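Shown next, in structure tokens, is the structure this report addresses.
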Amino acid sequence: MLCCRSPPNKYKRLDTKLERKMMEVKKNASRESNFTSVNGIIMRFPQIKEGLTDVRSVFEHYDEDSNGTIDREELEKCLENLKLQLAEKEIDDLFYSCDVDGSAGIQFKEFVVLLCLIYLLMAHSNTSQTTSKIGSLQLQATFDTIIEAFLFLDKNGDGKLNKKDMAKALNEDSKEKSPARITRTLFKEMDCDRNGKVNFREFLFSLISWVGIDSDHENPVTES
């Protein structure tokens, strides 16, 4: 599974912005969450996986040299064509924070994360900039579901997850208390930089693997 193994402070600017945005979204939520348990999130995995398939065509369109990655120049062209006006510094933050293997290119799974981060930052902003170009209505609804899942797990509303959040979420709406080892295992898988906190970016990388994105569309083996 792809995971963000960058130095803890390398992407602090973007991660801090994501935390603040999550806090804002949770504070301004106008209704109760659709989720009442972790099992409810798991039951949505097939729907989330189907919704994310829309990203594949966007990725392949902007992977102009068809090498399986989108480089910095291709990403900038992609964002321009999608009418997403971002500053150079913002594009750099997004590109390098999602290029988790340091290959100087965004792979498909990393591109899914990147688009969802942009959607969070822009769809829930007070600006007049539209996000309609980011993908289909189904894709936007899928991103909303992912954001809502994170907000359900973020019990104290500080824009990041901790072990107490996970334990509380796992035991919510459950007759039997979840073993502590399950909480530790799930949290360790998400906490890529091992700092005891899970931000939305880390959560996304784990989620897209859990729903099965990792196993699909692998490069075909060719005979020599």
Side-chain angles (χ1 to χ4, degrees), residues 1-4 6 8-9 11-45 47-49 51-52 93-94 97-98 100 112-126 131 139-174 177-211 213:
M1 182 185 74
L2 282 174
C3 201
C4 2
S6 312
N9 295 323
Y11 306 118
K12 186 175 181 180
R13 181 170 55 203
L14 175 62
D15 289 340
T16 298
K17 186 183 297 185
L18 292 170
E19 288 171 12
R20 290 174 178 170
K21 180 57 66 174
M22 276 298 182
M23 291 171 66
E24 176 188 327
V25 174
K26 191 173 185 93
K27 180 180 178 181
N28 295 333
S30 59
R31 57 178 174 78
E32 292 293 322
S33 174
N34 287 318
F35 296 111
T36 59
S37 67
V38 171
N39 282 338
I41 296 175
I42 295 172
M43 291 291 290
R44 293 285 191 95
F45 280 3
Q47 178 184 334
I48 292 173
K49 181 178 180 180
L52 293 177
D93 284 348
L94 287 163
S97 66
C98 292
V100 295
V112 173
V113 172
L114 185 145
L115 279 189
C116 192
L117 294 182
I118 293 176
Y119 180 78
L120 168 66
L121 293 172
M122 305 191 76
H124 295 276
S125 68
N126 295 322
T131 58
L139 177 60
Q140 293 180 46
T142 301
F143 285 160
D144 283 332
T145 298
I146 293 172
I147 292 168
E148 188 173 0
F150 182 89
L151 293 175
F152 169 75
L153 297 174
D154 180 17
K155 295 304 181 183
N156 64 3
D158 66 352
K160 49 188 177 290
L161 310 180
N162 56 44
K163 288 181 182 179
K164 288 184 179 180
D165 284 336
M166 286 302 301
K168 186 173 181 179
L170 284 168
N171 293 317
E172 201 159 354
D173 198 33
S174 177
K177 186 175 181 180
S178 179
R181 61 181 175 78
I182 294 180
T183 302
R184 289 195 300 268
T185 299
L186 285 174
F187 191 83
K188 184 177 180 179
E189 186 173 343
M190 292 189 293
D191 185 18
C192 296
D193 59 12
R194 304 295 185 258
N195 70 346
K197 304 287 183 180
V198 173
N199 57 46
F200 186 56
R201 182 168 55 91
E202 292 173 308
F203 172 75
L204 275 172
F205 276 109
S206 295
L207 182 68
I208 63 173
S209 294
W210 294 339
V211 302
I213 298 296

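Remember, it's a predicted structure, so these values are computed and weren't measured experimentally.
Rounded to the nearest 0.5 Å, atoms CG (Asp154) and CG (Asn156) are 5.5 Å apart. Rounded to the nearest 0.5 angstrom, Asp15 CG and Asp193 CG are separated by 8.0 Å. Once rounded to the nearest 0.5 Å, the distance linking CZ of Arg20 with CG of Leu18 reads 11.0 Å. Here the straight-line distance linking atom CE of Met22 with atom CG of Leu121 works out to 9.0 Å at 0.5 Å rounding. Atoms SG and CG, from Cys116 and Leu52 in turn, are 8.0 Å apart once rounded to the nearest 0.5 Å. To the nearest 0.5 Å, the span separating NZ on Lys163 from CE on Met190 amounts to 11.0 Å.
The side-chain hydrogen bond (donor to acceptor under 3.5 Å, both in side chains) test with Asp93 is passed by exactly one of Lys12, Lys17, Arg13: Arg13. Checking Val113, Ile146, Ile48 one by one against Ile208, the side-chain contact (heavy atoms from CB on, under 4.5 Å) holds for a single residue, Val113.
Asp191 places a side-chain N or O within donor-acceptor distance of the main-chain N or O of Gly196, the cut-off being under 3.5 Å. Not one N or O on the side chain of Arg44 forms a donor-acceptor pair closer than 3.5 Å with the backbone of Thr145. For Glu189 (side chain) and Leu186 (main-chain N/O), no donor-acceptor pair under 3.5 Å exists by modelled atom type. In this structure a side-chain-to-backbone donor-acceptor pair under 3.5 Å is missing from Glu19 to Lys160. Panel note: side chain Arg194, backbone Lys188; a donor-acceptor pair is recorded below 3.5 Å.
At least one side-chain heavy atom of Asp144 sits under 4.5 Å from a side-chain heavy atom of Tyr119. For the pair Leu114 and Leu117, the minimum side-chain heavy-atom distance is 4.5 Å or more. Side-chain contact between Phe187 and Val198 is present, with at least one heavy-atom pair separated by less than 4.5 Å.
Scanning both residues, Leu153 and Ala169, for their nearest heavy atoms gives CD2-CB, 3.5 Å.
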Checklist entry - Given the rule in the side chain to side chain contact (heavy atoms under 4.5 Å, CB included) test, do Lys49 and Ile213 qualify, once you have shown the distances and angles that lead to the verdict? => result CA-CA 7 Å; Lys49 181 178 180 180; Ile213 298 296; 4.2 Å; yes
Item to check | Audit row: Lys27, Glu24, salt bridge (Lys or Arg N to Asp or Glu O under 4.0 Å) steps and yes/no | outcome: CA-CA 5 Å; Lys27 180 180 178 181; Glu24 176 188 327; over 6 Å; no
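With sequence neighbours excluded, the residues that form a ring-ring contact (aromatic ring centres under 6.0 Å, His included) with Phe150 are Phe200, Phe203.
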